[in-house]
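Letters A, B, ... mirror the listed sequences (proteins, then strands); counts begin at 1. When reading the values below, keep in mind they use all heavy atoms of this one structure, side chains included, and skip hydrogens, waters and symmetry mates.
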Number of protein chains: 2
Amino acid sequence: MTIALIAQEAGVSVPTVSKVINGRPEVAPETRRKVERLLLKHGYTRRTTLGDGPVGLIDLVFTELESPWAMELIRGAESATREVGAGIVISVMHTHAGPGRDWFDRVAARRTDGVIIVSSRLSASQYGHLNARSIPFVVVDPEGEPAPDVASVGATNWHGGLAATRHLLELGHRRIGMIGGPPDMLCSRARIDGYRAALETAGIPVDPALIHYGDFLVGSGHDRAHDLLSLPEPPTAIFAGSDLQAFGVFEAARQRGLRVPENLSVVGFDDIPLARSAWPPLTTVRQPLQEMAALAARMVLAMSRGEPLETRRVELATSLIVRDSTAAPRP
Amino acid sequence: MTIALIAQEAGVSVPTVSKVINGRPEVAPETRRKVERLLLKHGYTRRTTLGDGPVGLIDLVFTELESPWAMELIRGAESATREVGAGIVISVMHTHAGPGRDWFDRVAARRTDGVIIVSSRLSASQYGHLNARSIPFVVVDPEGEPAPDVASVGATNWHGGLAATRHLLELGHRRIGMIGGPPDMLCSRARIDGYRAALETAGIPVDPALIHYGDFLVGSGHDRAHDLLSLPEPPTAIFAGSDLQAFGVFEAARQRGLRVPENLSVVGFDDIPLARSAWPPLTTVRQPLQEMAALAARMVLAMSRGEPLETRRVELATSLIVRDSTAAPRP
DNA sequence: CAGAGGATCCGAAAAGTTTCGGCTAGACTT
DNA sequence: AAGTCTAGCCGAAACTTTTCGGATCCTCTG
């Protein structure tokens with residue numbers, strides 16, 4: 001199946017089909033649609049099979065680059081692609097809406113072998129763009145429920161939330177505050193649900209006043225911690241939805257003259273490199289970010305080689321890392 | 001000037017020339033050299049002028065991704081390239097030797113518009129690889145003296161070192177320890193020289209025992225700080241060559257029961273995002289990393305469009321950010 | 001020492017991409 | 001209403017890339 005055949009069937013010239021495939025602008029929308037439909041119907045793929053050649057490009061798509069795990073994901077993807085000599089391209093959307101049409105055109109134009117999308121909710125039509133150009137993609141830690149036929153990689157966030165809360169319970173804490181991430185993010189909700197599950201299993205009723213929401217950044221941890229600590233009956237421990245938020249909690253505690261962990265225990269989530277160097281070293285739930293990205297990269301690479309995937313949804317295990325920010329509550 | 005003409009003159013076929021240009025492997029070294037020489041001689045450039053089209057790729061080359069400024073540089077380059085719709089590709093060498101031949105081949109194969117090299121000393125032959133393929137490049141914060149005809153972007157490290165040390169002198173410190181980065185890095189040497197200059201201007205002799213060297217990471221800051229604080233006459237302030245090292249100093253101070261800034265003042269260098277959130281908030285010298293990378297990207301982009309550069313070497317100003325990790329020495 | 005078995009290199013031919021000029025349709029002027 | 005402009009769209013032709021098979025040259029046996 002060559003573009004010449006597609007062109008013939010569509011009643012256009014070869015260059016026009018080439019332009020559609022490569023996302024060049026000078027094609028009328030109607031013509032483009034017609035050609036795209038035929039490309040999809042015939043399952044057209046470039047003759048060239050990348051992967052063993054020296055070329056190869058994987059697009060890594062972020063909504064933003066502020067969060068510290070962005071770097072971990074980049075490193076993981078980089079190490080996996082370096083093995084096969086591929087490069088990785090960083091894209092940032094600066095919006096949670098997902099990429100627009102022009103972005104797909106650019107990606108096609110640079111002949112990307114595959115796309116890794118980080119925590120972004122793509123619409124069906126956006127998946128369609130990728131499929132029409134037969135660009136394989138994997139979603140890492142999606143915000144919403146991933147469509148069942150979309151390949152995705154995540155972490156066992158629920159278990160992580162459970163483990164963190166259990167750890168605090170075992171230390172003897174009974175009032176445990178929770179600072180969650182955005183409630184519409186799946187990964188964030190799962191952590192909070194793990195927290196709830198741990199409490200309920202221990203027979204402790206969940207107090208909604210102890211659950212606050214923010215974004216995953218330092219500032220929200222700081223602000224929500226002040227809210228929690230201003231409660232008439234403040235918590236003796238706080239489980240933050242991210243390490244950054246946990247650092248914000250540290251800050252708030254210091255401003256109130258509270259010592260960690262003597263007066264307040266704090267658990268984070270992510271295990272970013274600085275969690276170890278913080279003071280006190282932060283007890284946190286490790287998320288294997290590098291492995292997740294590396295796995296996603298390998299999945300995309302396999303798909304671009306036409307190999308079938310064994311599993312479309314993979315969750316890597318989180319693990320509790322106990323450091324010095326947690327202790328038994330003061331009697 | 002088409003590749004057909006080059007092929008004719010070189011006595012090879014058109015495909016062979018194409019392969020040389022695109023760094024494909026199946027060309028004998030001798031043939032490759034011959035063709036490269038002719039390409040250079042005729043100043044061959046692809047007919048297509050990228051830049052205004054939807055394509056466009058800038059390679060950002062790191063020696064490693066561990067340092068926290070890597071992300072700042074990525075963000076700066078990303079914001080500059082996004083303006084023109086170009087993408088950025090991350091490469092990591094994992095060695096200070098600079099990229100090897102296969103890397104240049106890959107870069108050529110993916111039709112990169114330009115390369116930004118982060119603090120890596122390239123040999124003349126490596127510059128030659130890029131020139132032979134007429135790939136423009138800019139070096140950011142080079143380790144060694146950049147060759148005079150190489151475009152580069154840096155920061156005023158010397159002034160930064162001077163400002164940081166002056167700040168400590170003005171607070172009344174007289175014994176100021178210095179933990180430098182690798183002594184063979186130009187940026188690191190400049191900071192130390194600024195430190196020396198400040199002391200000498202103030203009429204204080206430089207005590208070599210107070211100057212220690214490490215890499216730019218947390219661990220070396222920690223170890224060197226212990227060395228300095230074990231001195232018979234320990235310093236009352238430490239100027240670290242990087243924020244990460246400064247965090248290591250914090251750690252060492254805490255282990256010795258020293259309070260910052262009451263017993264020990266600490267100044268860092270870089271102003272990474274976490275410097276503000278650390279405890280105490282770190283006084284540091286801000287390096288405009290994002291702006292540096294953005295400028296480098298714009299330079300590369302301009303070069304790829306064939307525009308001449310006004311200046312081949314640009315240094316962006318550093319600025320002292322005073323926070324809470326510095327105070328007058330205890331009387 | 002002949003010959004099988006590779007590995008490497010090259011180019012003819014096929015496939016794909018880009019330029020550039022021309023066509024067309026709507027908008028605007030006279 | 002006719003002429004003029006302009007922007008968008010398309011395809012012929014020029015250019016480049018990729019595949020694939022054949023040529024050449026080692027290297028290792030029988």
Side-chain angles (χ1 to χ4, degrees), chain A residues 1-36 38-39 42-57 101-102 105-113 133-135 304-306, chain B residues 1-36 38-39 42 44-57 101-102 105-113 133-134 304-306:
Chain A
M1 187 44 48
T2 69
I3 69 174
L5 292 172
I6 300 276
Q8 197 181 2
E9 189 170 342
V12 298
S13 68
V14 168
T16 301
V17 177
S18 170
K19 286 169 197 170
V20 170
I21 294 171
N22 293 289
R24 319 218 81 230
E26 69 267 291
V27 182
E30 196 186 340
T31 311
R32 183 187 296 271
R33 258 195 306 282
K34 185 166 59 183
V35 173
E36 273 180 353
L38 283 172
L39 286 170
H42 293 301
Y44 172 83
T45 40
R46 257 181 77 71
R47 214 170 20 135
T48 131
T49 32
L50 298 171
D52 51 2
V55 206
L57 235 34
R101 125 144 278 144
D102 56 336
D105 288 344
R106 274 205 297 279
V107 168
R110 68 171 80 114
R111 306 199 202 148
T112 291
D113 294 285
R133 297 175 170 85
S134 61
I135 298 174
S304 82
R305 281 192 300 266
Chain B
M1 185 46 46
T2 68
I3 69 175
L5 293 172
I6 300 275
Q8 197 182 5
E9 190 171 342
V12 297
S13 70
V14 168
T16 301
V17 177
S18 170
K19 286 169 197 170
V20 171
I21 294 171
N22 292 289
R24 317 219 82 229
E26 68 266 286
V27 182
E30 195 186 342
T31 311
R32 184 188 294 273
R33 258 196 306 282
K34 184 165 63 182
V35 173
E36 273 182 353
L38 283 173
L39 286 170
H42 293 300
Y44 172 83
T45 40
R46 258 180 74 71
R47 213 172 23 137
T48 131
T49 32
L50 298 171
D52 52 1
V55 206
L57 236 34
R101 124 144 279 145
D102 56 337
D105 287 345
R106 273 206 297 280
V107 168
R110 68 171 78 115
R111 307 199 200 147
T112 291
D113 294 284
R133 298 176 170 83
S134 60
S304 82
R305 280 192 302 267

* Taking only side-chain nitrogens and oxygens of B/Thr2, does any of them come within less than 4.0 Å of OP1 or OP2 of D/dA14? -> no
* Asked: Which residues satisfy the side chain to side chain contact (heavy atoms under 4.5 Å, CB included) test with A/Ala28, sequence neighbours excluded?
  ->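 By the side chain to side chain contact (heavy atoms under 4.5 Å, CB included) rule, A/Ala28 matches A/Thr31.
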* To do: Please name all residues satisfying side chain to side chain contact (heavy atoms under 4.5 Å, CB included) with B/Glu26, sequence neighbours left out, ordered by chain then number.
  => B/Lys19, B/Arg24
How many whole angstroms separate atom [atom1] of [X] from atom [atom2] of [N]?
X	N	atom1	atom2	result
A/Ile3	D/dT17	CD1	P	16 Å
A/Ile21	C/dG16	CD1	C1'	9 Å
B/Glu30	D/dT24	CD	P	17 Å
A/Glu26	D/dG11	CD	P	12 Å
B/Arg32	C/dC10	CZ	P	10 Å

* **Side chain A/Lys19 and base C/dG16 donor-acceptor under 3.5 Å** => no
Work out which heavy atom in [X] is nearest to a heavy atom in [Y]; give both atom names and the distance.
X	Y	value
A/Val20	A/Glu36	CG1-CG, 3.8 Å
B/Val14	B/Ala4	CG2-CA, 3.7 Å
B/Ala10	B/Leu38	CB-CD1, 3.4 Å

* Structure fact -> Note: contacts of residues 8-17 of chain B with DNA chain D (heavy atom, under 4.0 Å) are B/Val14, B/Pro15
* Name the closest nucleotide to the A/Ala28 side chain, picking from C/dT18, C/dC9, D/dC9. =>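 Looking only at side-chain atoms, A/Ala28 lies closest to D/dC9.
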* Asked: Who pairs with A/Glu9 by side chain to side chain donor-acceptor pair (under 3.5 Å), at least two apart in sequence or on another chain?
  ->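 If we apply the side chain to side chain donor-acceptor pair (under 3.5 Å) test to A/Glu9, skipping adjacent residues, the hits are A/Lys41, A/His42.
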